[in-house]
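This report concerns only the one structure given below.
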Amino acid sequence: LLSKSTIQLYQSIENPDLKCHICNEDYNNNDICRKLNDCGHYYHSNCIDNWFVSNNNCPICNITI
């Protein structure tokens with residue numbers, strides 16, 4: 001996952017979704033987010049890290065990571 005993603009603070013993300021599609025919570029400035037490089041989707045870092053414990057695909061577009 002580390003080589004397939006980039007960690008960014010929410011305030012530096014260009015044109016992000018307004019909320020994380022895993023926890024359904026709004027992003028706040030300085031939230032630590034992870035961008036999946038293969039598809040470009042963003043999530044809270046903790047949310048996507050937990051997701052990948054039992055999944056290997058993007059929750060939005062279903063691409064295999």
Side-chain angles (χ1 to χ4, degrees):
L1 178 61
L2 294 178
S3 66
K4 298 270 189 175
S5 64
T6 306
I7 291 183
Q8 295 178 315
L9 291 178
Y10 175 73
Q11 65 194 24
S12 66
I13 299 172
E14 295 181 20
N15 301 317
D17 290 329
L18 297 176
K19 63 182 176 180
C20 174
H21 287 273
I22 296 173
C23 69
N24 212 28
E25 296 286 327
D26 288 343
Y27 292 119
N28 296 303
N29 280 341
N30 296 320
D31 279 354
I32 299 171
C33 297
R34 188 181 293 276
K35 174 187 175 187
L36 301 181
N37 295 332
D38 290 345
C39 61
H41 292 118
Y42 288 89
Y43 304 94
H44 288 121
S45 185
N46 289 338
C47 293
I48 196 66
D49 291 349
N50 288 331
W51 171 267
F52 280 125
V53 169
S54 59
N55 298 280
N56 67 346
N57 60 308
C58 172
I60 293 176
C61 67
N62 209 31
I63 189 172
T64 300
I65 304 298

Which donor-acceptor pairs under 3.5 Å do side chains of residues 51-65 form with protein atoms, sequence neighbours excluded?
unit_1	atom_1	unit_2	atom_2	d
W51	NE1	N57	O	2.7
N55	ND2	W51	O	3.0
N57	ND2	N62	OD1	2.3

Open item on the list: I want to check something: taking the side chain as every heavy atom from C-beta on, are R34 and D49 in contact at a cut-off of under 4.5 Å?
Closed with: yes
Task: For N24, side chain to side chain contact (heavy atoms under 4.5 Å, CB included) partners two or more places apart - done: K19
Task: Side-chain heavy atoms of K4 within contact of D38, under 4.5 Å - done: yes
TODO: Would you name the heavy atoms of L36 and Y43 that are closest together and state the gap between them?
DONE: CD1-CE1, 3.7 Å
Open item on the list: For a side chain to side chain contact (heavy atoms under 4.5 Å, CB included) check, start with the C-alpha distance between D31 and L9, then their side-chain angles and the critical distance, and finish with the verdict.
Closed with: CA-CA 6 Å; D31 279 354; L9 291 178; over 6 Å; no
- [ ] Kindly state whether the ring of Y27 and the ring of H44 have centres lying under 6.0 angstrom apart.
- [x] yes
Open item on the list: Quick check: do Y42 and Q8 have side-chain heavy atoms less than 4.5 Å from each other?
Closed with: yes
Task: Spacing of C47 atom SG and H21 atom NE2 [to the nearest 0.5 Å] - done: 11.5 Å
